[in-house]
Amino acid sequence: MPELPEVEVARLGISPHITHKTVRSVEVRNPSLRWPVEPKLAKILHNALITHTSRRGKYLLVHCLCHDGASGVLMIHLGMSGSLRIASLDAAPQKHDHIDWVFDDCVLRYHDPRRFGSVHWHDVRDGDYLQHPRLIQLGIEPFDALFTGAHLLARCRTRKMSIKQGLLSGDMVVGVGNIYACEVLFRCKIHPETACADLTRAQCEQLAVQIKHLLQEAIAQGGSTLKDFVNSDGASGYFQMHYNVYGRTGAPCHACAAPIMRMVQGQRATFFCPVCQPASKAIHA
DNA sequence: AAGGTAACCTGACTGC
DNA sequence: TGCAGTCAGGTTACCT
């Protein structure tokens, strides 16, 4: 589910079905998401043309040219449990299908049991969408050429918190959620509790490289499930990578066979291999 | 100002 | 079978 790769795969999945098409109607069945859905959304988007889609962090952005000539951006966040699907016009909405965008030949449907996700409307007359309060605070994109080991090192130098929490905080880099934070630290053989400020230049270089690789691999993997975005009945559109540590408490490490351990950092589960990812104290001892 | 914590909400699963 | 408890892939508001 929704870390950056899943959001990107969702975007790739829905984009061909909605781009250059006109929204005929919008049905908001439940506006109570993380933030209330704009009450005038249906009116604003009536007969709006979808020009293209993009993404910023975990926000999927749908760029619209409205009937009145104004333009704007639909900002969709999937939260913990959100998903998007392309359904046929006659497919009845299921429980937790909160919003429909109806086109001539299909429906874009937002589904989110926990309602931690959100749907914002940003009118460009109110300024550049990248200046939106939800977007402006986000860190650098992992695939940006400026996201490098040097960038990471500079951001880490003054941070006392653990690298696991640092990666999740979203201001060093966006899009890395709990699963990929655990997995990338395993790949780099870095203990999750290592203080950001204690990371070496080499570790930061490696982290930057592996974050790009891991997310790219996950997107590629998700690409094979793109067909599931159309007319699927059940929960689909998501995919599961082969995890080395995430959710594998007690199972043997794929590298050294030691049992994977679970701990809690900032109220989130962290999984790691105590042998492959030794605590820094052990390194210096 | 950074860092910790509770909160938002439902469903799936575990153990008694 | 039922019920209580735990956990879940994210993010923000509020407190120290």
Side-chain angles (χ1 to χ4, degrees), chain A residues 1-11 29-37 55-60 75-84 94-99 110-120 132-139 142 154-186 192-198 211 214-215 217-219 221-222 225 234-250 261-272:
Chain A
M1 290 180 208
E3 296 187 32
L4 183 147
E6 289 76 9
V7 176
E8 183 63 9
V9 168
R11 187 181 74 80
R29 290 183 204 83
N30 186 351
S32 304
L33 303 183
R34 181 70 165 82
W35 282 282
V37 176
R55 182 189 54 72
R56 175 76 175 98
K58 294 170 189 166
Y59 283 89
L60 197 166
M75 300 167 33
I76 303 174
H77 197 294
L78 300 176
M80 295 271 267
S81 57
S83 62
L84 287 166
Q94 307 294 306
K95 194 176 183 184
H96 305 307
D97 283 345
H98 304 309
I99 306 179
Y110 177 83
H111 175 90
D112 186 1
R114 291 176 74 180
R115 291 188 278 120
F116 282 2
S118 59
V119 172
H120 303 268
H132 187 283
R134 299 277 81 76
L135 301 187
I136 191 154
Q137 59 188 16
L138 296 178
R155 305 297 242 134
C156 281
R157 206 162 250 164
T158 58
R159 304 284 240 127
K160 201 183 161 191
M161 69 165 57
S162 71
I163 183 58
K164 162 76 187 320
Q165 291 184 269
L167 289 174
L168 288 184
S169 72
D171 38 52
M172 315 190 164
V173 60
V174 293
V176 180
N178 205 33
I179 293 177
Y180 296 117
C182 293
E183 293 296 320
V184 82
L185 288 172
F186 173 81
E193 285 179 312
T194 309
C196 291
D198 287 346
I211 286 169
L214 183 62
L215 297 181
E217 284 168 32
I219 292 169
Q221 180 121 5
T225 70
S236 62
Y238 290 136
F239 49 97
Q240 201 151 15
M241 294 247 318
H242 170 77
Y243 298 140
N244 282 308
V245 289
Y246 187 81
R248 297 192 63 242
T249 311
M261 292 186 66
R262 178 188 191 275
M263 65 179 170
V264 174
Q265 291 176 282
Q267 307 169 165
R268 309 296 302 277
T270 297
F271 302 89
F272 67 108

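The structure presented is a predicted model; accordingly, all values stated were derived computationally and were not measured. Here is how names work: the chains are called A, B, and so on, in the same order as the sequence lines, proteins then strands, and each is numbered from 1.
- Heavy-atom minimum distance, A/Q265 versus A/T270: OE1-OG1, 2.7 Å.
- For A/Q137 and A/R114, each mapped to the nucleotide of DNA chain C holding its nearest heavy atom, the one lying further toward the 5' end belongs to A/R114.
- Contact between A/Y246 and A/N178 at its shortest, heavy atoms only, is CE1-ND2, 4.1 Å.
- Separating the P atom of B/dC9 from that of C/dC3 is a span of 23 Å, rounded to the nearest Å.
- Between A/W35 atom CH2 and B/dC9 atom P there is a gap of 13 Å when expressed in whole angstrom units.
- Atom NZ in A/K164 sits about 16 Å away from atom C1' in B/dG3, given to the nearest Å.
- A/M161 places its CE atom 15 Å from the P atom of B/dA1, with the value rounded to the nearest Å.
- For B/dA1, neither phosphate oxygen OP1 nor OP2 lies less than 4.0 angstrom from any side-chain nitrogen or oxygen of A/R159.
- The nearest pair of heavy atoms linking A/C196 to A/C156 is O-CB, 3.4 Å.
- When all heavy atoms are compared, the tightest approach of A/V174 to A/P142 is O-CD, 3.4 Å.
- Look at NZ on A/K160: it is 13 Å from P on B/dA2, rounded to the nearest Å.
- Rounding to whole angstrom units, NE2 of residue A/H111 and P of B/dG11 are separated by 9 Å.
- For C/dG10, the OP1/OP2 oxygens have no side-chain nitrogen or oxygen of A/H77 closer than 4.0 Å.
- Within the 3.5 Å criterion, the main-chain N or O of A/H120 finds no donor-acceptor partner in the side chain of A/R134.
- Using a 4.0 Å heavy-atom cutoff across all strands shown, A/R115 reaches sugar-phosphate atoms only and no base atom.
- Regarding contacts with the backbone of B/dA6, a side-chain N or O of A/Q267 is found under 4.0 angstrom from either OP1 or OP2.
- Pairing analysis of DNA chain B (Watson-Crick: purine N1 to pyrimidine N3 plus N6-O4 or O6-N4; G-U wobble: N1-O2 and O6-N3; both under 3.5 Å) yields stems of 3 or more pairs at B:2-8 with C:10-16, B:10-16 with C:2-8.
- To the nearest angstrom, P of C/dT6 lies 12 Å from CZ of A/R262.
- The aromatic ring of A/F116 stacks onto the base of B/dC8, its centre lying under 5.5 Å from the centre of the six-membered base ring with the two planes under 30° apart.
- Annotation for A/V7 and A/R55: closest pair CG1-CD, 3.9 Å, computed over non-hydrogen atoms.
- Summarising the geometry, the separation between CG on A/L33 and P on C/dG10 is reported as 17 Å, rounded to the nearest angstrom.
- Where A/Q165 and A/H96 each meet DNA chain B at their nearest nucleotide, the meeting point lying more 5' is that of A/Q165.
- Base contact: A/R268 has a heavy atom under 4.0 Å from a base atom.
- Note: NZ (A/K95) to P (B/dG11) measures 4 Å, nearest angstrom.
- Across A/H111 and A/K95, no two heavy atoms sit closer than the pair CE1-O, 3.1 Å.
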